[in-house]
Structure formats: C-alpha cells, structure tokens
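In what follows, a structure is listed as structure tokens, so that the remarks can point back to it.
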Amino acid sequence: MHHHDIELPPDTDPTVPATARVYDALLGGTANLAVDRAAADVFAQHIPQARECARLNRSALIRGVEYLVRAAGIDQIIDIGCGLPTEQNTHQVAAGLNPEAKVVYVDHDPVVVAHARTLLADDDRAIVIEADLLDPVDLLSRAELRSFLDFERPIALLIVGMIMQISDEQRPDDVIATLMDALPSGSHLLLTSWPDTGESEQAALSAACLATLGNGWIRPIAALERHFQGMAMVPPGLEYIPRWFPEDPDRPVADTAALEPYERTQMAGIARKA
Ligand SMILES: C[S@@+](CC[C@H](N)C(=O)[O-])C[C@H]1O[C@@H](n2cnc3c(N)ncnc32)[C@H](O)[C@@H]1O
C-alpha cells in the first residue's frame with residue numbers, strides 16, 4: 001500500500017507523530033507517516049477497538065453537522081481542530097444539505113492547514129485558517145474569518161475530537177466561553193469528548209493518547225457538561241455516541257449498560273446559545 005497522500009511542509013519532523021495523522025491512520029486514511037501508523041498500533045494495543053472509536057467520533061461529527069444544517073438551519077460553521085480531510089468532511093456534509101453553507105476550518109497543525117488549503121483551492125464556500133484554539137482572541141480577530149462569515153447571524157462552532165487534548169490548566173471552559181460570547185443568539189456548539197466514569201476502556205484510550213501524543217484526558221461527565229455552560233442542551237443532551245441522534249432523539253437505542261465498553265469511551269452533545 002502507498003502512503004504518500006500527504007505533503008509535508010519543510011520543517012515537519014517525520015519522527016514525531018501528529019494527532020491529525022494518527023487519527024487519519026485509525027480511520028484507514030493515507031494521509032499519514034510510518035510514525036503515525038506505529039502510534040495507531042499503540043492505540044490498538046491499549047484498546048483493541050481504537051479504530052471503531054475513531055469511526056464513532058467521525059459519525060458524531062457527521063450526525064451533528066446534519067442536525068445543525070437541516071434541523072437548526074445553520075449555514076455558517078467554524079470547525080476548530082478540523083484534522084485532515086477524509087470522506088464526508090464538514091463542508092461536504094453541509095453542502096449536501098444546503099449548497100450555500102459556509103465552513104471555516106481551523107487547525108494549529110501546519111500539515112493539516114497545507115493539505116486542506118490544496119483541497120479547498122477551488123471551493124469558495126470553505127476556507128482554512130491556521131490558528132490555535134488556546135488563543136481564541138487571536139482567532140476571533142482574523143480578518144479572513146470576519147469577512148467570510150456574517151457575525152450578525154447564527155454560527156455553529158465545532159470542537160470535535162479535540163477538547164480532550166486540552167488540559168485543565170489550559171482552561172478549556174474559558175476558551176469555549178470566549179468563543180461562544182463572540183457569536184450571536186441562535187449559535188450552536190457541537191462537541192465530542194471522553195468521559196471518565198471509572199471504566200478501564202476509558203482509561204485505556206486516555207493512556208494510549210498520552211503515550212503517543214502526550215495529551216488526551218478523560219473527564220467526569222459533569223466536567224464535560226461544563227463545556228456547554230450557559231447554553232441549552234439540544235435533546236438528547238450529552239450522550240454516548242451510539243445513543244446520540246440529535247435529529248431523532250426519541251429513536252430507540254441500546255441502554256447505556258448494554259453498550260460495549262468501548263462504545264462508552266466517547267460522548268457527543270450540541271447546545272444552543274439563547
Ligand atoms: C483527532 S483530530 C479531530 C478531527 C476532526 N475534528 C474529527 O473529529 O473528525 C484533532 C485535531 O485537533 C487539532 N488540534 C489539537 N489541538 C489544537 C489546538 N490547540 N488548536 C487548534 N487545533 C488543535 C489537531 O491538530 C488535529 O487536527
């Protein structure tokens with residue numbers, strides 16, 4: 001198999017794994033290096049269903065965008081920590097439901113940004129910005145962002161598969177609050193993260209991520225709920241991903257206790273700003 005589907009900026013260190021590329025390897029993509037595939041194998045040693053976990057997170061991203069565009073009428077999205085393109089990226093899911101929908105991708109990894117820029121070169125509904133979630137004031141001040149989106153109309157903020165990379169010391173709740181404060185009424189937050197309810201698979205996922213990437217923390221469910229502070233949760237609220245269908249919250253789903261343990265490693269939620 002050829003793994004050449006990625007262009008590396010000249011100062012990239014090919015001996016250090018990067019989150020976006022390890023996640024791409026777990027999803028079966030080709031935008032990764034040998035060091036990333038080795039890290040994906042370490043994930044699988046800690047938790048054999050690591051690849052299923054990555055796919056579950058991706059399914060939450062897609063279901064969330066479908067809800068936001070189709071049910072909530074959102075046509076402007078900021079996708080922070082967007083990662084490398086795979087199938088069914090945010091702008092493609094959104095455009096399939098509303099061709100007018102605009103997406104701003106944000107990532108702090110220059111490899112991700114370079115790759116996305118190439119892919120989006122001919123697309124006038126999506127742009128990519130290199131910025132850090134941890135400096136929300138800088139992101140919000142970017143002229144590209146301000147001119148591309150209309151900050152007078154609702155915007156959906158996506159922080160999917162990445163807030164677990166932010167430590168408590170880096171104050172994820174304050175960062176999210178700063179971003180949501182800048183968005184108008186009717187804006188939404190879509191977020192996925194890793195709960196800690198004392199289960200060994202949850203600890204194993206965190207251990208795998210810490211071993212390979214140096215971050216990746218599980219948190220009590222109450223801490224995950226605080227990411228959405230000041231906003232109203234959209235039914236079914238913060239839920240394990242196999243039980244989370246925001247467009248159909250009454251759909252029959254497995255009891256939490258009947259899920260496989262790995263299916264209880266990730267939760268998703270959407271909240272709406274009043
Ligand atoms: C596991 S990927 C998630 C990709 C996509 N959001 C998804 O859920 O399918 C996490 C991404 O977040 C990015 N990231 C991590 N910390 C970040 C930060 N502080 N600011 C911006 N991006 C960050 C990484 O570079 C990576 O591309």
Side-chain angles (χ1 to χ4, degrees), residues 6 8-9 12 16-29 31-33 36 39-40 43 50-66 68 77-94 103-117 119 126 128-140 142 145 156-172 174-176 178-179 189-194 205-206 208-210 212-217 241 244 265-270:
I6 189 161
L8 295 180
T12 313
V16 178
T19 309
R21 300 190 317 247
V22 175
Y23 180 66
D24 177 76
L26 287 167
L27 287 171
N32 51 73
L33 309 178
D36 307 307
F43 264 78
R51 290 174 173 83
E52 286 85 343
C53 289
R55 283 199 290 274
L56 268 179
N57 179 71
R58 197 72 191 174
S59 72
L61 171 74
I62 293 165
R63 291 209 285 273
V65 172
E66 287 171 347
L68 291 166
I77 295 173
I78 304 174
D79 183 352
I80 305 187
C82 55
L84 286 158
T86 164
E87 305 99 54
Q88 288 197 284
N89 297 294
T90 299
H91 74 288
Q92 292 155 331
V93 176
V103 174
V104 176
Y105 289 113
V106 178
D107 208 285
H108 71 166
D109 179 346
V111 177
V112 167
V113 172
H115 201 71
R117 213 157 257 155
L119 257 133
V128 57
I129 297 177
E130 184 173 335
D132 196 325
L133 173 75
L134 296 177
D135 193 349
V137 174
D138 167 60
L139 173 60
L140 289 166
R142 299 292 185 93
L145 176 68
L157 184 66
L158 273 51
I159 303 179
V160 178
M162 75 153 294
I163 204 70
M164 70 289 286
Q165 296 193 264
I166 308 302
S167 69
D168 288 343
E169 292 70 33
Q170 292 170 318
R171 310 190 71 89
D174 293 350
V175 169
I176 293 171
T178 301
L179 290 167
L189 171 66
L190 163 63
L191 180 141
T192 66
S193 193
W194 294 351
L205 186 58
S206 173
C209 203
L210 285 164
T212 52
L213 298 165
N215 55 39
W217 294 277
I241 292 173
W244 185 73
T265 58
Q266 304 172 99
M267 301 184 91
I270 293 177

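Just so you know, ligand 1 is whichever comes first in the structure, and atom 1 is the first atom listed for that ligand. Only this structure's heavy atoms are used, side chains among them; waters, hydrogens and symmetry mates stay out.
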Are side-chain heavy atoms of I270 and W244 found at a separation under 4.5 Å?
yes
Show your working on side-chain contact (heavy atoms from CB on, under 4.5 Å) between V128 and L119 and close with a plain yes or no.
CA-CA 10 Å; V128 57; L119 257 133; over 6 Å; no
Considering non-hydrogen atoms of the protein only, which is the closest contact for atom 11 (C) of ligand 1, and what is the distance?
G81 O, 3.4 Å
Taking N or O atoms only and a 3.5 Å limit, does V160 qualify as a polar contact for ligand 1?
yes
Which residue from M162, Q88, E130 reaches closest to atom 17 (C) of ligand 1 through any of its heavy atoms?
M162
Give the atoms of ligand 1, by number and element, whose distance to some non-hydrogen atom of R58 is under 4.0 Å.
5 (C), 7 (C), 9 (O)
So if I apply the side chain to side chain contact (heavy atoms under 4.5 Å, CB included) rule between L133 and each of V106, I80, L139, I176, which one comes out positive?
I80
How far is atom 19 (N) of ligand 1 from its nearest protein heavy atom, and which residue and atom name does that atom have?
D132 OD1, 2.7 Å
Should you measure from each heavy atom of D109, which atoms of ligand 1 turn up under 4.0 Å away?
25 (O)
If you draw a 6.0 Å radius around CD in E87, do more than 12 non-hydrogen atoms from other residues or ligands fall strictly inside?
no
Okay, side chain of D24, backbone of A31: is any donor-acceptor separation there less than 3.5 Å?
yes
Taking the non-hydrogen atoms of A131, is any one of them nearer than 4.0 angstrom to ligand 1?
yes
Indicate yes or no: at least one non-hydrogen side-chain atom of I6 is less than 4.5 angstrom from one of N32.
no
Counting each atom of ligand 1 from 1 as listed, which ones have a heavy atom of T19 under 4.0 Å away?
1 (C), 10 (C)
Does only the side chain of N57 get under 4.0 Å from ligand 1, or the backbone, or both, or neither? Count heavy atoms.
side chain
Between Y105 and N89, do the side chains contain an N or O donor and an N or O acceptor separated by less than 3.5 Å?
no
I'd like to know if the side chain of R142 reaches the main chain of E130, judged simply by a donor and an acceptor atom lying under 3.5 Å from each other, with no hydrogens or angles considered.
yes
With atom 4 (C) of ligand 1 as the reference point, say which of G161, A18, C82 has the nearest heavy atom.
C82
How far is atom 9 (O) of ligand 1 from its nearest protein heavy atom, and which residue and atom is that?
Y23 OH, 2.6 Å
By number and element, which atoms of ligand 1 are closer than 4.0 Å to a non-hydrogen atom of Q165?
10 (C), 12 (O), 15 (C)
Contact check: L133 vs ligand 1, nitrogen or oxygen atoms, below 3.5 angstrom
yes
Between V112 and C82, is any pair of side-chain heavy atoms under 4.5 Å apart?
yes
For atom 25 (O) of ligand 1, closest protein heavy-atom neighbour
D107 OD1, 2.6 Å
Of the protein's non-hydrogen atoms, which lies at the shortest distance from atom 21 (C) of ligand 1, and what is that distance?
H108 N, 3.4 Å
For R171, does the CZ atom sit with more than 12 other heavy atoms under 6.0 Å from it, leaving out its own atoms?
no
